[in-house]
Amino acid sequence: MHIITDSKRILSLQHKLNKRLAVLMPDTAMRRVDIPKVNIDVLVNHNITIKKWYYYQDNIQSHKHAFFVGNWKYGGGNLPYTGSISISWDGNGSNAGIFVEEAADVYLLHSGNMGRRKKENFFEAYQGETKQIEINDEIKNYAVIGRMDDPDIASAVVNFFDF
């Protein structure tokens, strides 16, 4: 198993995931989201049936992409997010999300680092599959969000933080 570090491939995987999420949550609305440094209304995708929303942020300045997800709330108030998956352009493991390849399969993994929304003992609370990855000569635990060719990868992303 190895981390995907090619920026073009990472970008392609990001766009693939974004498209899958947009299919799952095809409705859009301009809403204010409770995300650091986003002090304006942004276009979020949502699905009122599953009561979820997501916002994709392509952050060119910091060379990372981020998917923010949360539970949908009606009305005009701020949308709190339950978690985010930030992936650096070079796959260096400095952000919470990474793409890894094992044989012919590509997986989306999460380090458990949730930024300012700390979850104590993430890996004790997380009940899903985990993998150990070596990054910079150090073995780290990662939660498996899903396989990128799985038709349910979008559902896995938006439900990942519901534990």
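All residue numbers refer to positions in the sequence shown, counting from 1.
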Exercise. Does a donor on one side chain sit under 3.5 Å from an acceptor on the other, for Y54 and N18?
Worked result: yes
Seminar exercise, completed: Taken to the nearest 0.5 Å, the spacing of I3 CD1 from Y107 OH works out to 15.5 Å
Exercise. Taking a hydrophobic cluster as the set of Ile, Leu, Val, Met, Phe, Trp and Tyr residues connected by side-chain heavy atoms closer than 4.5 Å, whether directly or through intermediates, do I153 and I98 fall within one such cluster?
Worked result: no
Exercise. How far apart are the closest heavy atoms of N39 and R32, and which atoms are they?
Worked result: O-NH1, 3.1 Å
Exercise. Parallel, tilted or perpendicular: which describes the rings of F161 and H110, with under 30° parallel and over 60° perpendicular?
Worked result: perpendicular
Exercise. If Ile, Leu, Val, Met, Phe, Trp and Tyr residues are connected whenever their side-chain heavy atoms lie under 4.5 Å apart, and connections chain through other members, are V69 and L13 in the same group?
Worked result: yes
Exercise. Hey, does the side chain of N78 reach the backbone of D34 with a donor-acceptor pair shorter than 3.5 angstrom?
Worked result: no
Seminar exercise, completed: Of all heavy-atom pairs linking L24 and N47, the shortest is O-ND2, 2.8 Å
Exercise. Can K8 and D6 be counted as an ion pair, charged N to O under 4.0 angstrom?
Worked result: no
For this session: Output the distance between atom OG (S155) and atom CZ (R20), rounded to the nearest 0.5 Å.
Result: 10.5 Å
Exercise. Does a salt bridge link K16 with D149, judged by any charged N lying under 4.0 Å from a carboxylate O?
Worked result: no
Problem set entry | Heavy-atom pair with the smallest gap, counting every atom of V144 and Y126 | O-OH, 2.9 Å
Exercise. Would you call E134-K140 a salt bridge at under 4.0 Å N-O?
Worked result: no
